[in-house]
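It should be emphasised that the depicted structure is a prediction, and the values quoted were computed from it without experimental measurement. Computed from heavy atoms alone, side chains included, the values below leave out hydrogens, waters and symmetry copies. Convention: sequence-line order gives letters A, B, ...; per-chain numbering from 1.
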Amino acid sequence: MTGPHGGLPSRLAPRNATPQHAARSVQLDPLTDPRRPLRLELAGLRHQVVGVTACLIAGVDGLLVLHDSRSPGEPHDVAAMAAAAHGISRTCGGALGQGQFQEVTIRNREGCLAVYGIGDLALLAVVADGMVNIARLHLEARPVLGRLARMLDLTQL
Amino acid sequence: MANIETALKEAMTLEGAVGVALVDYTSGLTLGYLGGDGVMDMTVAAAANTDVVRSKMRALELLGLQDGIEDILITLDSQYHLIRLLRARRTGDALFLYLALYKNRANLGLARHQLRKIESELDV
(Lines give C-alpha, C1' and ligand atoms only; values in the text may rest on other atoms or scores of the structure.)
Protein backbone atom coordinates (compact mmCIF):
# COMPACT_ATOMS: atom_id res chain seq x y z
CA MET A 1 0.00 0.00 0.00
CA THR A 2 3.01 2.27 -0.10
CA GLY A 3 5.43 3.25 -2.79
CA PRO A 4 9.11 2.47 -2.70
CA HIS A 5 9.92 5.92 -1.35
CA GLY A 6 8.88 6.27 2.26
CA GLY A 7 6.19 4.65 4.39
CA LEU A 8 2.65 5.73 4.78
CA PRO A 9 2.65 6.89 8.40
CA SER A 10 5.52 9.29 7.96
CA ARG A 11 3.83 10.74 4.93
CA LEU A 12 0.62 11.18 6.85
CA ALA A 13 2.01 12.37 10.15
CA PRO A 14 5.29 14.22 9.97
CA ARG A 15 7.61 13.87 12.94
CA ASN A 16 6.94 17.45 13.96
CA ALA A 17 3.21 16.77 14.27
CA THR A 18 1.90 18.31 17.47
CA PRO A 19 -1.43 18.25 19.32
CA GLN A 20 -2.00 21.80 18.10
CA HIS A 21 -1.58 20.58 14.56
CA ALA A 22 -4.23 17.92 15.09
CA ALA A 23 -6.56 20.35 16.82
CA ARG A 24 -6.11 22.90 14.07
CA SER A 25 -6.75 20.45 11.26
CA VAL A 26 -10.29 19.72 12.48
CA GLN A 27 -11.13 23.37 11.88
CA LEU A 28 -10.69 22.81 8.16
CA ASP A 29 -13.55 23.45 5.80
CA PRO A 30 -15.40 20.10 5.53
CA LEU A 31 -15.66 20.58 1.79
CA THR A 32 -11.94 20.85 1.26
CA ASP A 33 -10.60 18.70 4.10
CA PRO A 34 -9.01 15.71 2.36
CA ARG A 35 -9.19 13.68 5.57
CA ARG A 36 -12.92 14.11 6.00
CA PRO A 37 -13.81 10.60 4.72
CA LEU A 38 -11.38 9.15 7.26
CA ARG A 39 -12.86 11.27 10.04
CA LEU A 40 -16.36 10.17 9.07
CA GLU A 41 -15.31 6.52 9.30
CA LEU A 42 -13.91 7.06 12.81
CA ALA A 43 -16.99 8.99 13.92
CA GLY A 44 -19.19 6.31 12.36
CA LEU A 45 -17.50 3.57 14.36
CA ARG A 46 -17.87 5.59 17.56
CA HIS A 47 -21.58 6.06 16.88
CA GLN A 48 -22.21 2.46 15.82
CA VAL A 49 -20.77 0.85 18.92
CA VAL A 50 -22.01 1.95 22.33
CA GLY A 51 -19.16 2.48 24.77
CA VAL A 52 -16.50 3.56 22.30
CA THR A 53 -14.87 6.71 23.65
CA ALA A 54 -12.04 7.30 21.20
CA CYS A 55 -11.01 6.22 17.72
CA LEU A 56 -7.76 7.08 16.04
CA ILE A 57 -5.45 6.12 13.23
CA ALA A 58 -1.77 5.79 14.06
CA GLY A 59 1.32 4.70 12.22
CA VAL A 60 3.05 1.51 13.36
CA ASP A 61 5.82 3.86 14.54
CA GLY A 62 3.47 5.28 17.18
CA LEU A 63 2.84 8.63 15.55
CA LEU A 64 -0.70 9.91 15.40
CA VAL A 65 -2.15 10.18 11.91
CA LEU A 66 -5.68 11.27 12.68
CA HIS A 67 -8.03 11.19 15.62
CA ASP A 68 -11.72 11.54 16.18
CA SER A 69 -11.92 15.12 17.40
CA ARG A 70 -14.49 14.38 20.11
CA SER A 71 -12.31 11.78 21.76
CA PRO A 72 -11.27 12.57 25.31
CA GLY A 73 -7.74 11.97 26.56
CA GLU A 74 -4.45 12.44 24.84
CA PRO A 75 -4.54 10.91 21.35
CA HIS A 76 -0.76 11.02 20.93
CA ASP A 77 -0.35 8.79 24.00
CA VAL A 78 -2.98 6.36 22.73
CA ALA A 79 -1.23 6.22 19.35
CA ALA A 80 2.05 5.36 21.07
CA MET A 81 0.39 2.68 23.22
CA ALA A 82 -1.33 1.21 20.15
CA ALA A 83 2.03 0.94 18.42
CA ALA A 84 3.53 -0.73 21.50
CA ALA A 85 0.67 -3.25 21.61
CA HIS A 86 1.13 -3.86 17.90
CA GLY A 87 4.85 -4.38 18.41
CA ILE A 88 4.48 -7.15 20.99
CA SER A 89 1.66 -8.73 18.99
CA ARG A 90 3.72 -8.77 15.80
CA THR A 91 6.63 -10.29 17.69
CA CYS A 92 4.33 -13.03 18.99
CA GLY A 93 2.94 -13.62 15.52
CA GLY A 94 6.43 -13.96 14.11
CA ALA A 95 7.78 -16.16 16.92
CA LEU A 96 4.80 -18.50 16.79
CA GLY A 97 4.70 -18.58 13.01
CA GLN A 98 1.15 -17.25 12.94
CA GLY A 99 1.57 -14.76 10.14
CA GLN A 100 0.84 -11.08 9.98
CA PHE A 101 -0.64 -8.95 12.73
CA GLN A 102 -4.40 -8.60 12.61
CA GLU A 103 -5.82 -7.37 15.89
CA VAL A 104 -5.07 -7.11 19.61
CA THR A 105 -7.47 -6.29 22.41
CA ILE A 106 -6.36 -5.26 25.88
CA ARG A 107 -9.18 -5.68 28.37
CA ASN A 108 -9.04 -3.94 31.69
CA ARG A 109 -11.63 -3.94 34.45
CA GLU A 110 -13.07 -0.62 33.40
CA GLY A 111 -12.37 -0.46 29.72
CA CYS A 112 -10.43 -1.76 26.78
CA LEU A 113 -8.09 -0.79 23.98
CA ALA A 114 -8.47 -2.58 20.65
CA VAL A 115 -5.81 -2.18 17.97
CA TYR A 116 -6.38 -3.33 14.39
CA GLY A 117 -3.91 -3.37 11.54
CA ILE A 118 -4.75 -1.25 8.49
CA GLY A 119 -2.43 -2.75 5.94
CA ASP A 120 1.17 -3.07 7.09
CA LEU A 121 1.94 0.45 8.21
CA ALA A 122 -1.11 1.93 9.88
CA LEU A 123 -3.20 1.01 12.92
CA LEU A 124 -6.75 1.71 14.01
CA ALA A 125 -6.91 2.12 17.79
CA VAL A 126 -10.24 2.11 19.61
CA VAL A 127 -10.63 3.00 23.28
CA ALA A 128 -13.84 1.89 24.94
CA ASP A 129 -15.38 1.80 28.39
CA GLY A 130 -16.02 -1.37 30.39
CA MET A 131 -19.53 -1.84 29.03
CA VAL A 132 -18.55 -2.12 25.36
CA ASN A 133 -19.73 -5.10 23.34
CA ILE A 134 -16.30 -6.26 22.16
CA ALA A 135 -17.64 -8.79 19.66
CA ARG A 136 -19.80 -6.09 18.11
CA LEU A 137 -16.82 -3.74 18.00
CA HIS A 138 -14.78 -6.34 16.11
CA LEU A 139 -17.65 -6.91 13.69
CA GLU A 140 -18.18 -3.22 13.03
CA ALA A 141 -14.46 -2.53 12.75
CA ARG A 142 -13.87 -5.11 10.00
CA PRO A 143 -15.56 -3.22 7.12
CA VAL A 144 -14.17 0.09 8.44
CA LEU A 145 -10.62 -1.32 8.19
CA GLY A 146 -11.17 -2.27 4.55
CA ARG A 147 -12.44 1.19 3.70
CA LEU A 148 -9.68 2.96 5.65
CA ALA A 149 -7.06 0.85 3.87
CA ARG A 150 -8.44 1.89 0.50
CA MET A 151 -8.69 5.56 1.52
CA LEU A 152 -5.18 5.71 2.93
CA ASP A 153 -3.89 4.11 -0.22
CA LEU A 154 -5.73 6.48 -2.53
CA THR A 155 -5.59 9.84 -0.80
CA GLN A 156 -2.36 11.75 -0.76
CA LEU A 157 -2.53 13.42 2.61
CA MET B 1 -23.93 -31.70 34.85
CA ALA B 2 -23.22 -31.07 31.17
CA ASN B 3 -20.32 -29.21 29.67
CA ILE B 4 -20.73 -26.52 27.00
CA GLU B 5 -20.28 -28.92 24.06
CA THR B 6 -22.87 -31.33 25.37
CA ALA B 7 -25.35 -28.56 26.13
CA LEU B 8 -24.99 -27.06 22.64
CA LYS B 9 -25.35 -30.47 20.99
CA GLU B 10 -28.44 -31.18 23.06
CA ALA B 11 -29.96 -27.84 22.04
CA MET B 12 -29.30 -28.64 18.38
CA THR B 13 -31.28 -31.88 18.70
CA LEU B 14 -34.44 -29.82 19.33
CA GLU B 15 -36.87 -30.07 16.44
CA GLY B 16 -36.40 -27.18 13.99
CA ALA B 17 -33.15 -25.88 15.54
CA VAL B 18 -31.19 -23.54 13.24
CA GLY B 19 -28.32 -22.68 15.55
CA VAL B 20 -27.39 -22.22 19.18
CA ALA B 21 -24.74 -20.16 20.96
CA LEU B 22 -23.53 -19.63 24.51
CA VAL B 23 -22.69 -15.96 24.85
CA ASP B 24 -20.88 -13.84 27.42
CA TYR B 25 -22.86 -10.61 27.45
CA THR B 26 -20.20 -8.55 29.15
CA SER B 27 -18.20 -8.79 25.92
CA GLY B 28 -20.61 -10.23 23.34
CA LEU B 29 -18.15 -13.03 22.60
CA THR B 30 -19.29 -16.63 22.27
CA LEU B 31 -18.10 -19.43 24.55
CA GLY B 32 -19.32 -21.88 21.94
CA TYR B 33 -21.81 -22.26 19.13
CA LEU B 34 -23.26 -24.85 16.80
CA GLY B 35 -25.28 -24.66 13.58
CA GLY B 36 -26.38 -21.55 11.78
CA ASP B 37 -24.72 -22.86 8.61
CA GLY B 38 -25.87 -20.93 5.57
CA VAL B 39 -28.63 -19.23 7.54
CA MET B 40 -26.86 -16.98 10.00
CA ASP B 41 -23.42 -16.41 11.44
CA MET B 42 -23.84 -17.37 15.09
CA THR B 43 -21.01 -15.10 16.25
CA VAL B 44 -22.72 -12.10 14.64
CA ALA B 45 -26.03 -13.19 16.16
CA ALA B 46 -24.33 -13.40 19.57
CA ALA B 47 -22.83 -9.92 19.32
CA ALA B 48 -26.06 -8.36 18.07
CA ASN B 49 -28.27 -10.05 20.65
CA THR B 50 -25.95 -9.01 23.45
CA ASP B 51 -27.29 -5.51 22.75
CA VAL B 52 -30.86 -6.86 22.95
CA VAL B 53 -30.20 -8.36 26.40
CA ARG B 54 -28.50 -5.22 27.63
CA SER B 55 -31.35 -3.04 26.37
CA LYS B 56 -33.90 -5.11 28.26
CA MET B 57 -31.80 -4.93 31.41
CA ARG B 58 -31.60 -1.17 31.02
CA ALA B 59 -35.38 -1.06 30.55
CA LEU B 60 -35.90 -2.91 33.83
CA GLU B 61 -33.48 -0.54 35.51
CA LEU B 62 -35.38 2.50 34.19
CA LEU B 63 -38.67 1.01 35.32
CA GLY B 64 -37.20 0.43 38.76
CA LEU B 65 -38.18 -3.24 38.70
CA GLN B 66 -36.15 -5.36 41.07
CA ASP B 67 -36.47 -8.36 38.81
CA GLY B 68 -34.40 -10.56 36.55
CA ILE B 69 -34.85 -11.73 32.97
CA GLU B 70 -35.62 -15.43 32.60
CA ASP B 71 -35.89 -15.54 28.84
CA ILE B 72 -36.63 -13.37 25.81
CA LEU B 73 -38.63 -14.59 22.82
CA ILE B 74 -38.39 -12.88 19.44
CA THR B 75 -40.79 -14.09 16.77
CA LEU B 76 -39.83 -13.54 13.15
CA ASP B 77 -41.90 -14.39 10.08
CA SER B 78 -40.19 -17.75 9.76
CA GLN B 79 -38.12 -18.21 12.93
CA TYR B 80 -38.22 -18.07 16.68
CA HIS B 81 -35.22 -16.63 18.48
CA LEU B 82 -35.04 -17.66 22.11
CA ILE B 83 -32.64 -16.05 24.56
CA ARG B 84 -32.27 -17.68 27.94
CA LEU B 85 -30.13 -16.06 30.60
CA LEU B 86 -28.03 -18.33 32.79
CA ARG B 87 -28.43 -17.84 36.48
CA ALA B 88 -25.11 -16.58 37.76
CA ARG B 89 -23.22 -19.44 39.33
CA ARG B 90 -20.12 -17.45 40.05
CA THR B 91 -19.64 -13.75 40.52
CA GLY B 92 -18.90 -12.10 37.21
CA ASP B 93 -20.76 -14.75 35.21
CA ALA B 94 -23.03 -13.07 32.69
CA LEU B 95 -24.06 -15.60 30.08
CA PHE B 96 -27.02 -16.38 27.89
CA LEU B 97 -28.04 -19.19 25.59
CA TYR B 98 -29.23 -18.10 22.20
CA LEU B 99 -31.36 -20.51 20.18
CA ALA B 100 -32.82 -19.97 16.71
CA LEU B 101 -35.60 -22.28 15.53
CA TYR B 102 -37.61 -22.67 12.35
CA LYS B 103 -41.13 -21.61 13.20
CA ASN B 104 -42.87 -24.19 11.03
CA ARG B 105 -40.97 -27.11 12.52
CA ALA B 106 -40.42 -26.18 16.13
CA ASN B 107 -42.67 -26.61 19.12
CA LEU B 108 -42.11 -23.43 21.06
CA GLY B 109 -43.43 -24.70 24.37
CA LEU B 110 -41.33 -27.81 24.22
CA ALA B 111 -38.25 -25.91 23.05
CA ARG B 112 -38.56 -23.45 25.91
CA HIS B 113 -38.98 -26.27 28.41
CA GLN B 114 -35.99 -28.17 27.01
CA LEU B 115 -33.83 -25.06 26.96
CA ARG B 116 -34.64 -24.48 30.63
CA LYS B 117 -33.51 -28.03 31.36
CA ILE B 118 -30.32 -27.61 29.31
CA GLU B 119 -29.56 -24.38 31.12
CA SER B 120 -30.09 -25.89 34.57
CA GLU B 121 -27.72 -28.75 33.77
CA LEU B 122 -25.07 -26.63 32.09
CA ASP B 123 -21.85 -26.32 34.01
CA VAL B 124 -19.58 -23.59 32.67
Do [X] and [Y] share a hydrophobic cluster (ILVMFWY, side-chain heavy atoms under 4.5 Å, transitive)?
{"X": "B/Tyr33", "Y": "B/Leu122", "value": "no"}
{"X": "B/Leu34", "Y": "B/Leu86", "value": "yes"}
{"X": "B/Ile83", "Y": "B/Leu99", "value": "no"}
{"X": "B/Leu97", "Y": "B/Leu82", "value": "yes"}
{"X": "B/Leu108", "Y": "B/Leu76", "value": "no"}

Nearest 0.5 Å please: distance from the OG atom of B/Ser27 over to the NE2 atom of A/His138.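 Rounded to the nearest 0.5 Å, the OG-NE2 separation comes out at 8.5 Å.
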What distance separates A/Asn133 CG from B/Thr26 OG1, expressed to the nearest 0.5 Å?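 One finds 9.5 Å between CG of A/Asn133 and OG1 of B/Thr26.
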Heavy atoms under 4.5 Å from chain A: which residues of residues 36-45 of chain B carry them?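 Answer by number: B/Thr43, B/Val44.
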Taking only heavy atoms into account, what residues of residues 50-61 of chain B are found under 4.5 Å from chain A?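 Residues of residues 50-61 of chain B touching chain A at under 4.5 Å: B/Thr50, B/Asp51, B/Arg54.
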Take atom [atom1] of [X] as the centre, draw a 6.0 Å sphere, and report whether it contains more than 12 heavy atoms from other residues, nucleotides or ligands.
{"X": "A/Gln98", "atom1": "CD", "answer": "yes"}
{"X": "B/Glu70", "atom1": "CD", "answer": "yes"}
{"X": "B/Tyr80", "atom1": "OH", "answer": "yes"}
{"X": "A/Arg147", "atom1": "CZ", "answer": "yes"}
{"X": "A/Ile88", "atom1": "CD1", "answer": "no"}

What's the verdict on side chain to side chain contact (heavy atoms under 4.5 Å, CB included) for A/Arg136 and B/Leu29, showing C-alpha distance, side-chain angles and the deciding distance? CA-CA 8 Å; A/Arg136 175 87 189 268; B/Leu29 298 166; over 6 Å; no
For A/Ala135 and B/Gly28, which heavy atoms make the closest approach, and how far apart are they? CB-O, 3.0 Å
